Structures are given as structure tokens and as C-alpha cells.
Amino acid sequence: MEGAADLGWWGVPLALLAGAVRASTPFLFVSLGECLTEKSGRINLGLEGTLVMGAMIAYGISFLTGSPWLGVAGAAGVGLVMGALHGVICGLPRVNHIAVGIALMIFGVGLAFFLGKPLIQPSAPQLPGLALGAWSDSRAVRAALNVNALFIIGVILTFVMAWMFRSTRIGLAIRTVGDSRDAARAVGLDVKRIRLLTTAVGGAFAGVGGSFLSLYYPGSWNEGLSSGQGLMAVALVIFARWDPIKCLYASLLFGGAGALGPALQGVGISTGYYLFNATPYLLTLIVMIAASSRDRALAGAPGDLSINSSS
Amino acid sequence: MKDHRTSISRRRLLQAAGGLGGLGLVGGLVPTAVWAADTLSIGFIYVGPKDDFGYNQAHAEGAAAIAAMDGTKIYEQEGVPETLEVQKVMESMINFDRTQMLFPTSFGYYDPHIKKIAPKYPDVKFLHAGGLYEEGDPENASSYFGYIDEAQYVAGTVAGHMTQTKKLGFVAAKPIPQVLRNINAYTLAARKVDPEITTQVIFTGDWAMPVKEAEATNSLVNQGVDVITCHVDSPKVVSQTAAERGAYVTGYHVDQSPLAPQQYLTGAEWNWGEIYPRFVKWQKAGKDWPHLYRGGLKDGFVKTSDYGPAVTDAARKAGDEAIAYFMSGEGVIYKGELKDNRGNVVIPAGQEREQTDIQLEKMDYLVEGVIGSTSA
């Protein structure tokens with residue numbers, strides 16, 4: 001146990017790695033969901049609400065049935081419904097996506113707080129972790145590599161989505177709908193239906209992300225649980241240039257950067273923790289500035305993705 | 001006026017929808033005369049949910065104790081932010097529920113919100129937790145607070161006996177005096193058991209940051225810490241995460257033993273269920289009370305949780321001795337010579353600062369043995 005007793009400075013990179021794995025999953029699911037939705041030309045700002053609803057429903061179902069996986073399924077279901085709601089409303093003529101998204105965000109958060117009142121106190125069964133660090137003697141390494149299955153599912157989903165966009169007929173259809181409504185109509189694609197489906201499925205992803213928050217890490221239901229992670233994940237999609245693989249990197253970066261503040265204080269670097277706690281946002285700014293270009297604005301953005309478009 | 005009306009109707013709507021208190025729209029609008037003359041209406045305002053295993057729950061336990069008294073009626077509202085919103089809630093409780101006493105419990109409600117509303121309603125008593133009352137504040141306002149660092153001293157004693165690695169961990173929100181007092185009392189007690197013990201503190205930056213609290217707890221355990229406590233609004237995440245990682249937990253605000261049945265040692269708890277009914281009795285008897293009303297273990301303001309199953313006999317005995325030390329009324333936590341963790345003498349040799357000492361409420365240092373810094 002020597003290694004565990006005094007990890008010292010090695011604790012910092014380990015914490016970053018562990019933080020990346022632990023805290024990135026909600027970001028990953030929400031950003032993948034948003035990526036799917038935005039690829040089809042819709043923007044759903046309501047995913048913060050979906051995330052919080054998913055967290056609450058998953059916790060409630062897990063508590064009532066004793067099965068956390070049922071909770072995950074329930075969160076996906078409620079996410080699907082909320083996504084579909086957004087999709088249907090935005091399918092009506094002259095509806096602003098942004099406004100609907102914000103309305104759904106406030107609605108979702110409020111509803112979750114309201115329905116979640118009786119769930120603050122009880123402890124629900126949690127999702128199990130996979131002990132990928134069982135080979136190590138160090139408790140810290142074992143804890144860092146105690147990976148949740150949802151994270152692995154998220155990583156697989158990332159690559160499946162990237163492959164789907166690149167080489168499948170469905171992916172092509174979504175991209176066409178997102179890049180040009182007119183072109184999509186010309187080849188006989190049902191624009192409204194495809195956008196409805198991508199928004200609904202995107203919502204389901206966000207719901208699953210919420211279930212990770214309440215059922216694994218930090219693993220309880222309370223009103224401060226998300227504190228804006230769903231919104232940040234939506235921003236991550238722009239940061240990731242609508243590329244699922246980059247969504248994964250961005251989520252890992254955000255998760256890891258969030259662990260920096262506590263980890264540095266853990267080894268005794270205690271001044272400037274407000275600054276360290278701001279690292280994720282600082283990093284975003286830096287990468288955004290570094291990646292920005294004077295010549296081509298928002299490379300990779302779906303052509304039909306406009307905050308003013310209504311369809 | 002328009003604003004005012006909106007806020008009231010919204011509150012009504014929420015109450016009706018939630019079925020809170022079981023009073024409908026009509027009931028609330030009936031004039032006071034209908035209530036029996038000796039029924040005292042008392043309002044409680046919480047910043048978060050009242051069953052949060054933390055700060056708000058501690059106050060809600062006080063509210064429940066009042067509700068259990070004869071001739072009282074309580075009104076509660078949760079999730080009220082420390083903004084103009086709380087002023088509206090206070091006014092609506094006064095005007096519509098005819099509350100004669102208000103307990104706006106969150107620290108940030110006092111200045112400027114209570115100070116602004118209290119002069120408008122001189123017949124209503126405003127009671128605030130935190131000891132912020134100063135000369136010149138409204139006559140009908142008062143603050144109360146407990147020297148919970150005494151209970152933390154007891155918890156620190158038990159923690160000092162239970163730690164194997166000689167490293168304690170403290171997850172704290174912000175380096176304000178009340179938090180620093182808890183960290184320091186905890187550390188001083190543990191180091192009295194064994195001077196080699198250190199307390200690693202991690203500041204999360206705010207009162208409710210679940211993910212950061214979990215991260216902080218994990219990184220403490222990674223550094224070899226084996227007893228963890230905290231000062232955040234809801235210790236739920238810290239307790240659960242620490243227990244999951246196999247560390248011992250000492251609690252804060254209320255009893256968290258249901259969250260970590262095997263790992264829970266003891267905890268520093270508020271005892272508002274004991275204190276709040278006193279105010280009500282005084283109010284009913286027409287008696288005045290001091291603008292600043294404070295006390296520690298002996299006066300019933302704070303208490304410690306029952307020892308958990310892991311606590312050894314030696315630790316239990318030392319804990320009981322620490323309790324007795326404060327119950328005697330002689331207990332002093334801060335004694336000279338006391339150095340901060342940068343080597344400066346903060347209390348010279350031969351001097352003592354009793355818990356009531358106003359200087360302690362300006363504490364801005366961490367004592368020797370604490371690893372951490374108060375500067376942001």
C-alpha cells in the first residue's frame with residue numbers, strides 16, 4: 001500500500017486522467033446528441049433540461065425498481081420524448097429553434113426539480129464500475145481506472161456515429177438535410193421527419209448523459225447536479241466542429257481540466273484555485289482562438305444550420 | 001405594486017400546486033382574526049431543498065420542532081435564491097400568511113435583504129443564522145449562531161484516533177472565517193492526539209458543486225487521506241464518495257450516517273430543534289431576547305452525531321472526554337502559543353481565545369498542520 005499512501009505529484013496526471021474518464025461522460029453524451037441534431041440542421045439548446053430530467057428520472061427509477069440500468073433506459077426514454085417535443089414544435093412553421101430550446105431547457109430543469117423533491121434524501125442503487133485497474137496495487141490507480149460501462153458505450157457510440165456520418169446512407173441523408181434543405185427535398189428526403197428523428201435521438205443521448213450524473217458520478221440526485229454541464233456540452237459541439245471524434249476529445253479535455261483544481265490542491269498547490277477551477281473555460285477560449293480562421297468561418301458547420309432558419 | 005402582486009400570486013400558485021401546508025388560495029386570504037389569537041405564524045425560508053442532508057435540513061429540523069409545539073403554524077419555502085426574490089418571499093409571508101416571526105435561514109439573506117425589509121414591518125421578528133447583527137441594524141432583527149467548531153473539535157479528536165495514515169481531508173467551499181474555524185478546530189483536536197497528523201484542505205469555490213466535491217474527495221483519498229469531513233451545503237456527495245473509496249467520514253450540519261453506515265465516525269451537527277422553540281416561547285411570553293444569541297455544545301446550539309460502528313473504544317472515550325470538556329463550560333479551542341501554517345504566531349503564548357471571542361469571527365488563517373491556503 002506504499003504507493004497508495006503517498007502518491008505525491010504523480011497524483012496530478014493520474015487525477016487528470018481519472019477526471020477525464022469520470023467527468024467526461026455527461027459531456028460526451030450530450031455533445032454527441034447535439035452533434036447528431038445539429039448535423040441535420042437543427043439546434044437544440046434544451047439539452048441542459050433533458051440532461052437534468054434524465055438524471056432525475058434515472059435516479060427515481062433506479063430507486064423504485066432497484067435496477068440502475070432500467071433507470072438509464074428510462075432516462076433515454078424521457079430524453080427521447082423531450083427531444084421529440086422539440087422536434088415537433090420546430091417542425092411547425094415560423095418557429096425559432098433557439099427560443100424553443102431555451103423554453104424546453106427551463107421547462108426540463110423546473111420539472112425535474114419539482115418531481116425530484118422526494119428523491120433528494122433517498123440513496124438509489126448505482127451503476128457498477130468496471131475494474132480495469134485491478135492489476136495495480138495502488139488504490140488510486142484502481143480507483144482511476146474504475147470505468148463505467150456508459151463511458152465505454154459513449155466511446156463506441158462516438159466511432160459508430162463518425163462512421164455513420166462518413167459511410168452510410170443514413171449519415172448521408174442526415175448530412176444532406178443539414179447542409180441544404182432544398183437539395184434534400186430534390187433527392188426525395190423527408191426533411192421534417194429526419195430532423196424530428198435526429199432531435200429525438202439526440203435528446204435520448206442527453207438523457208443517458210444525465211443518468212450517468214445521478215447514478216454514477218457524482219452519483220446522487222440534487223438540484224445543483226448539472227450546474228450547466230448540458231449547456232457547456234452544446235458549446236462543445238461547435239468547439240468540436242461537428243465531428244463526433246472531436247466531441248470525444250473535447251469531452252475528455254473538459255473532464256480532465258475540471259479535475260485540475262482539486263488535484264493541485266491535493267498535492268499542496270493551494271494558491272490560485274479559483275484560476276485552476278476556471279481551466280476548462282480558459283482552455284476552450286484558447287483552443288477557440290487558436291482554431292479560428294479569418295478566411296473560413298466555422299468550418300464544418302452544417303450549411304443549413306442557422307439560428308434564423310425555421311423548418 | 002405590480003411586481004409585488006405577481007410574486008405573491010406565483011407563490012400562491014406554487015403552494016397550491018405543491019399542496020404545501022395544505023392551505024388553498026382561499027385559506028391564505030382569510031384575515032388574521034380567523035386564526036385563534038394565540039396561534040403564532042412563523043415563516044421559514046431555505047436556499048435549497050430542506051431535505052438535503054445538510055444546511056437546509058438542519059434548519060428544517062428546527063422548523064419541525066416548532067411545528068410540534070402547541071399554538072404554532074409554520075410556513076416554509078425552499079429554493080429561494082439570495083436575491084430580491086427573498087425580499088418578495090418575506091413580504092408575501094408577512095402580508096398573506098400573517099407570519100409574526102421569520103427565519104430566513106441562508107447566510108446571504110441578511111445583508112441587504114433582511115436589513116431592507118425588517119424596518120418596514122416593525123412588529124415582525126426577523127431571526128437570522130450567522131451572527132451578523134451589528135449595532136444600528138433594525139431593532140426587530142436578531143442573529144443567532146452556534147459555536148460548531150466545538151463539535152468539530154470532538155469530531156477531530158475521534159478522527160485523530162481513527163486515522164492510520166495520519167492524514168485527514170477537509171473539503172471546504174470558501175475560506176471564510178466560519179469555515180476556517182471548523183478546519184482549524186478539527187486539526188487542532190487531531191494534532192492533540194498525534195502532532196504528526198495533518199489536514200489537507202481543498203476549497204471547491206462554492207457551496208454546492210457536486211462534481212467538484214466528488215473530485216476533491218477522490219484526490220484526497222489518492223493522496224492517502226483516510227478520514228474526510230467537509231463544510232459545504234450538502235455533505236451527501238462527499239460522504240458517499242469517501243465511503244465508497246473506503247475512507248472514514250465525519251459529518252457536518254446533520255447526521256449523515258445513513259449515507260455511510262459503516263464508515264461514519266461522528267459528526268458536527270446543528271441542534272436547531274433545541275434552539276428554535278426557545279425563540280417561540282420567548283415571543284409568546286412577550287419576552288425580549290438579545291440581538292446576538294450564541295452558544296456551543298453546553299448551551300444546546302450544536303451536538304455531535306452518535307458514534308459509528310467503526311469507532312474504537314479509545315476514540316470513543318477521547319470523544320466523550322472532549323464533549324465533557326466543553327460541557328463543563330471551561331473548554332477552549334484556541335490557546336497560545338498558536339502558529340498558522342506559514343509559521344506566524346497568531347495567538348501568543350499564555351493567551352487564550354474563548355469561542356465567544358469576537359476576534360475569532362475574523363479568522364483568516366489556517367493553523368499549523370493544515371495543508372492549504374486561504375488566498376484564492
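Just so you know, these numbers use all the heavy atoms, side chains as well, and skip hydrogens, waters and symmetry mates. So you know, we letter chains A, B, ... as the sequences are listed, proteins then strands, and number each from 1. Note that the structure is a prediction, hence the values are computed from the model and not measured.
- Heavy atoms closer than 4.5 Å to chain A are found in the side chain of I371(B), but not in its backbone.
- The 12-atom threshold is exceeded at CZ of F113(A), counting heavy atoms of other residues, nucleotides or ligands nearer than 6.0 Å.
- Remark: Y365(B) OH is packed, more than 12 non-hydrogen atoms of other residues, nucleotides or ligands lying under 6.0 Å away.
- Of all the heavy atoms in Q265(A) and V201(B), the pair that sits closest is OE1-O, 3.8 Å.
- For N222(A) against P210(B), the heavy-atom pair with the smallest separation is OD1-CG, 3.6 Å.
- The minimum heavy-atom distance linking Q240(B) with S123(A) is given by the pair NE2-OG, 3.2 Å.
- A donor-acceptor pair is defined here as one N or O able to donate and one able to accept, closer than 3.5 Å; such a pair exists between the side chain of N277(A) and the backbone of T204(B).
- Residue K212(B) touches chain A through both its backbone and its side chain, counting heavy-atom pairs closer than 4.5 Å.
- When all heavy atoms of E215(B) and G19(A) are compared, the closest pair comes out as OE2-CA, 3.9 Å.
- Nearest heavy atom pair, residue Y217(A) against residue V211(B), reads OH-O, 4.2 Å.
- Scored by the side-chain contact (heavy atoms from CB on, under 4.5 Å) test, P81(B) finds T83(B), E85(B) as partners (sequence neighbours excluded).
- In this structure, chain B has a heavy atom under 4.5 Å from the backbone of P122(A), while its side chain stays farther away.
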Steps toward side-chain contact (heavy atoms from CB on, under 4.5 Å) verdict (Y274(A), K174(B)): CA-CA 10 Å; Y274(A) 276 109; K174(B) 298 175 179 185; 3.9 Å; yes
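- Only the side chain of N218(B) comes within contact range of chain A, with heavy atoms under 4.5 Å apart.
- Interface check for chain A: of the options G169(B), G79(B), A214(B), G372(B), the most heavy-atom pairs under 4.5 Å are formed by A214(B).
- Residues of residues 52-64 of chain B lying within less than 4.5 angstrom of chain A, judged on heavy atoms, are D52(B), F53(B), Q57(B) in numerical order.
- A 4.5 Å side-chain heavy-atom check between W221(A) and K236(B) finds every atom pair outside the cut-off.
- Within a 6.0 Å radius of CG in D194(B), other residues, nucleotides and ligands contribute more than 12 heavy atoms.
- Each of T241(B), V237(B), V238(B) was scored for a side chain to side chain contact (heavy atoms under 4.5 Å, CB included) with P218(A), with one residue passing: V237(B).
- Taken from CE in M209(B) to CG in L225(A), the straight-line distance is 12.5 Å, to the nearest 0.5 Å.
- With chain B as the partner, the residue from Q126(A), Q121(A), R22(A) showing the most heavy-atom pairs under 4.5 Å is Q121(A).
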